[in-house]
Amino acid sequence: MRTGVIGLILPPTFSFLEMMWRICPALAMGCTVVALVPPTSPTPLLLAQLAGELGSFPGILNVISGPASLGPILASQPAIQKVAFCGALEEGRVLRRSLAGKCVELGLALGMESLLLLTDTADVDSAVEGVVDAAWSDRGPGGLRLLIQESVWDEFMRRLQERMGRLRSGQGLDGAVDMGTRGAAACDLAQRFVHEAQSQGAQVFQAGDVPPKSPFYPPTLVSNLPPASPCAQAEVPWPVVVASPFRTAKEALAVANGTPRGGSASVWSERLGQALELGYGLQMGTVWINAHNLRDPSVPTGGCKESGCSWHGGPDGLYEYLRPSRTPIQVSCLSKNMNYDTFGLAVPSTLPAGPEIGPSPAPPYGLFVGGRFQAPGARSSRPIQDSSGNLHGYVAEGGAKDIRGAVEAAHQAAPGWAGQSPGARAGLLWALAAALERRKSTLASRLERQGVELKAAEAEVELSARRLRAWGARAQAQGHTLQVSGLRGPVLRLREPLGVLAVVCPDEWPLLAFVSLLAPALACGNTVVMVPSAACPLLALEVCQDMATLFPAGLANVVTGDRDHLTRCLALHQDVQALWYFGSAQ
Amino acid sequence: MSAHNRGTDLDLSWISKIQVNHPAVLRRAEQIQARRTVKKEWQAAWLLKAVTFIDLTTLSGDDTSSNIQRLCYKAKYPIREDLLKALNMHDKGITTAAVCVYPARVCDAVRALKAAGCNIPVASVATGFPAGQTHLKTRLEEIRLAVEDGATEIDVVINRSLVLTGQWEALYDEIRQFRKACGEAHLKTILATGELGSLTNVYKASMIAMMAGSDFIKTSTGKETVNATFPVAIVMLRAIRDFFWKTGNKIGFKPAGGIRSAKDSLAWLSLVKEELGDEWLKPELFRIGASTLLSDIERQIYHHVTGRYAAYHDLPMS
């Protein structure tokens with residue numbers, strides 16, 4: 001089912017092609033578009049005029065020409081159902097913050113830098129052409145980082161500099177031009193970057209037949225930039241290319257993955273095995289082999305990490321503009337007095353429970369981290385009450401340090417788990433389902449104490465086991481596809497596990513929710529850090545006892561404690577790849 | 001002709017690590033044709049320059065002295081006089097670069113050129129053109145006889161079987177022998193790229209030919225199924241550039257076969273300009289082997305001068 005009205009926000013240095021990449025699928029899927037474009041280029045307005053002349057549907061494409069500050073205002077209009085933003089990182093963050101709590105989807109495509117990795121088994125001349133395609137033709141959106149193997153450094157540099165000398169820059173309509181201009185703003189940005197790089201000790205080489213007037217900036221090659229310098233960390237603007245050497249393939253991957261940006265990259269090598277290995281190892285949304293910037297409308301391209309999470313092209317791109325037809329209408333859950341700084345900072349202290357009556361409770365549970373129960377950092381526990389107000393048990397009070405430990409344990413387990421075959425994953429989930437069934441009576445009795453009827457409790461346990469099995473079966477179907485498109489060569493769409501997922505469970509259905517959220521994450525190859533239901537985490541902890549024997553260490557980690565505080569810790573932790581939250585509006 | 005390429009000793013390490021990525025080269029070839037278009041008076045100027053690069057060729061079984069004579073006259077006056085006058089280029093001595101014929105017709109060609117009062121060189125094909133599948137002894141003898149008859153440029157064909165079986169030393173030796181047999185004549189080595197199998201082989205064969213002492217490397221005989229294409233040319237031009245960087249010798253390039261339209265010839269000129277630079281755009285370092293190309297260029301120039309399209313019969317035949 002289509003999403004309704006799409007708001008599109010474009011950066012000051014967008015290209016026509018990028019705009020069409022976003023407008024066309026939206027219109028094709030039946031959505032209408034409101035685009036905010038910077039006032040310097042009239043082309044989108046022309047497009048909107050043409051769209052308006054189509055007669056029967058005058059309002060499908062609307063264009064507003066204005067400064068970037070209108071972006072959040074556009075995004076907060078009540079009728080907009082999805083905002084597609086492409087541009088700089090900071091603005092994306094601001095937008096995300098302003099849209100929190102409203103039921104507006106946000107698609108981000110941030111940053112425009114790409115990477116070119118050249119090994120010594122590559123065709124160097126063709127790689128030089130690849131650099132030209134990537135950085136200095138009008139198809140590449142941003143600057144380029146070059147990683148070149150040391151043994152071909154000199155040869156490559158020489159050829160690249162020679163090739164740069166032949167580039168011609170000028171007005172786009174002159175038939176013999178390689179690159180145009182992106183406006184004075186882009187020119188200034190590039191100028192500033194180059195000056196900073198020079199002051200930090202880099203060598204700058206500029207060449208090409210470029211008109212000396214302002215908006216044209218010559219193709220620039222920056223080398224010998226020390227890797228720890230601030231310039232090397234910042235995004236490379238167009239039309240600058242920053243080159244750095246590497247010694248081995250392993251080092252190349254480490255350097256390439258060592259940035260927060262994860263847009264697109266290309267690997268150049270004539271040895272198939274090496275090329276594929278490097279391609280798989282790069283944490284980028286799109287990887288090309290022996291080519292750069294090959295785009296085809298039927299092939300999805302997108303980014304990961306800080307480059308945003310939206311896709312365009314291919315079926316994935318079209319799914320961006322659709323939502324499943326059974327989603328309920330989402331109610332905006334905006335809370336009025338939201339203070340980000342104080343939320344979840346302090347942990348409300350819990351008084352010890354009244355005089356203990358009834359059977360003496362079990363000793364307090366620890367946190368389930370790294371495959372075993374551990375004492376919490378704060379060395380305190382909180383009491384859990386059952387439905388009649390009596391003390392049910394004590395669980396640990398988790399804090400920031402425990403979250404950190406849990407995330408680390410999850411990260412350690414992540415590569416091993418992701419590398420497991422789908423069959424092995426399915427097997428583990430089924431084993432857990434069997435263990436749950438064995439424990440049915442204990443779990444049911446605990447649920448009863450929480451006020452659930454016996455029959456319903458048993459049903460809950462059974463349903464949990466069934467869901468585990470279902471997800472185990474789903475683990476087999478990976479979803480990788482091989483696509484043959486208009487480009488030379490096949491396109492491999494891999495669905496990779498995200499990494500570490502953090503899940504904060506809702507209060508209701510303590511067992512079922514816990515299991516239903518755990519299973520999909522594990523089935524797809526991620527490791528989890530879970531904060532179970534605050535009202536009754538004991539059931540989750542029972543399941544942990546089984547997990548301690550069945551699962552590899554660190555696969556699933558459970559931290560109990562104050563939900564708000566733990567959510568804050570998880571949200572602020574920068575190495576958690578995704579967070580699922582079920583809880584209060586705040 | 002300028003000083004010959006003395007060649008170098010065989011150094012197989014120059015070709016051992018070479019890799020050529022086919023799709024990337026194809027992409028570059030498409031780009032060249034699309035990105036460098038020339039119009040109006042600059043186009044006319046480029047076309048006249050292209051005329052000076054043509055090796056006017058006739059290599060048919062039914063060549064006799066009459067059509068050779070016609071060819072040689074056309075080589076001396078490639079564009080109609082009044083068109084050249086309109087462009088103010090009639091006194092610049094525009095002729096084609098050479099005339100290319102079979103060895104048996106070299107005498108006729110030399111005679112016809114002398115009668116026309118023209119001193120452009122006569123190039124002869126040799127060594128079992130076009131297949132090269134004859135004994136080495138007869139191939140060398142062909143070269144010597146052609147040189148005796150008055151050919152000052154010799155276009156030899158390499159032995160493709162040596163390339164396909166990877167016998168690089170043997171290939172080097174053969175071409176060295178051709179070089180010696182040529183003596184003072186200018187040696188063009190035809191690689192017959194359509195039969196070499198892969199772009200990597202084309203690069204290797206080009207390097208070996210240059211190391212052995214060729215003055216020019218030529219893409220094809222014109223008689224294969226696939227003759228001069230842009231991807232092959234890109235690889236050969238890169239080889240020429242690498243040889244120049246390694247030794248300082250400038251070797252010439254000649255595409256032949258399949259170049260029929262004026263637009264194509266402009267694309268070829270851009271390609272050489274882009275990959276090698278302006279110094280290679282001289283008849284000493286760049287030739288185009290063609291026969292009908294000249295008529296198409298003449299028609300384009302006619303159109304530029306008069307604004308009308310000419311029929312083939314408006315312009316003198318070659």
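Chain letters run A, B, ... following the sequence lines, proteins first, then strands; residues in each count from 1. Since the structure is predicted, the reported quantities are computational estimates derived from the model, not experimental observations. FYI, side chains are in, hydrogens and waters are out, and symmetry mates aren't considered; it's all heavy atoms of this structure.
B:Lys39 does not touch chain A: none of its heavy atoms, backbone or side chain, sits under 4.5 Å away. Heavy atoms closer than 4.5 Å to chain B are found nowhere in A:Ala127, neither backbone nor side chain. The part of B:Leu26 that comes within reach of chain A is its side chain, from C-beta onward, which places non-hydrogen atoms under 4.5 angstrom from that chain.
Comment: B:Arg28 does not engage A:Asp125 in a salt bridge, judged by the lack of any side-chain N to carboxylate O separation of less than 4.0 angstrom. With respect to B:Asp242 and A:Arg159, a salt bridge is recorded, a charged nitrogen being found less than 4.0 Å from a carboxylate O.
A:Ser126 OG to B:Arg238 CZ: the interatomic distance, rounded to the nearest 0.5 Å, is 4.5 Å. Distance check, rounded to the nearest 0.5 Å: CG of A:Leu167 to CD of B:Glu274 gives 8.0 Å. Going from atom CZ of A:Arg158 over to atom CZ of B:Arg241 covers 9.5 Å, rounded to the nearest 0.5 Å.
Contact detail for A:Asp133 and B:Gln31: the closest heavy-atom pair is OD1-NE2, 3.0 Å. Here the closest heavy-atom approach between residue B:Val25 and residue A:Asp123 is recorded as CG2-OD2, 4.4 Å.
More than 12 heavy-atom neighbours from other residues, nucleotides or ligands sit within 6.0 angstrom of NZ on B:Lys250. The number of heavy-atom neighbours closer than 6.0 Å to NZ of A:Lys250, taken from other residues, nucleotides and ligands shown, is 12 or below. Surrounding CD of A:Gln206 are more than 12 heavy atoms belonging to other residues, nucleotides or ligands, all under 6.0 Å away. More than 12 heavy atoms of other residues, nucleotides or ligands shown are found within 6.0 angstrom of CH2 on B:Trp245.
Residues passing the salt bridge (Lys or Arg N to Asp or Glu O under 4.0 Å) test with A:Glu162, sequence neighbours excluded: A:Arg166.
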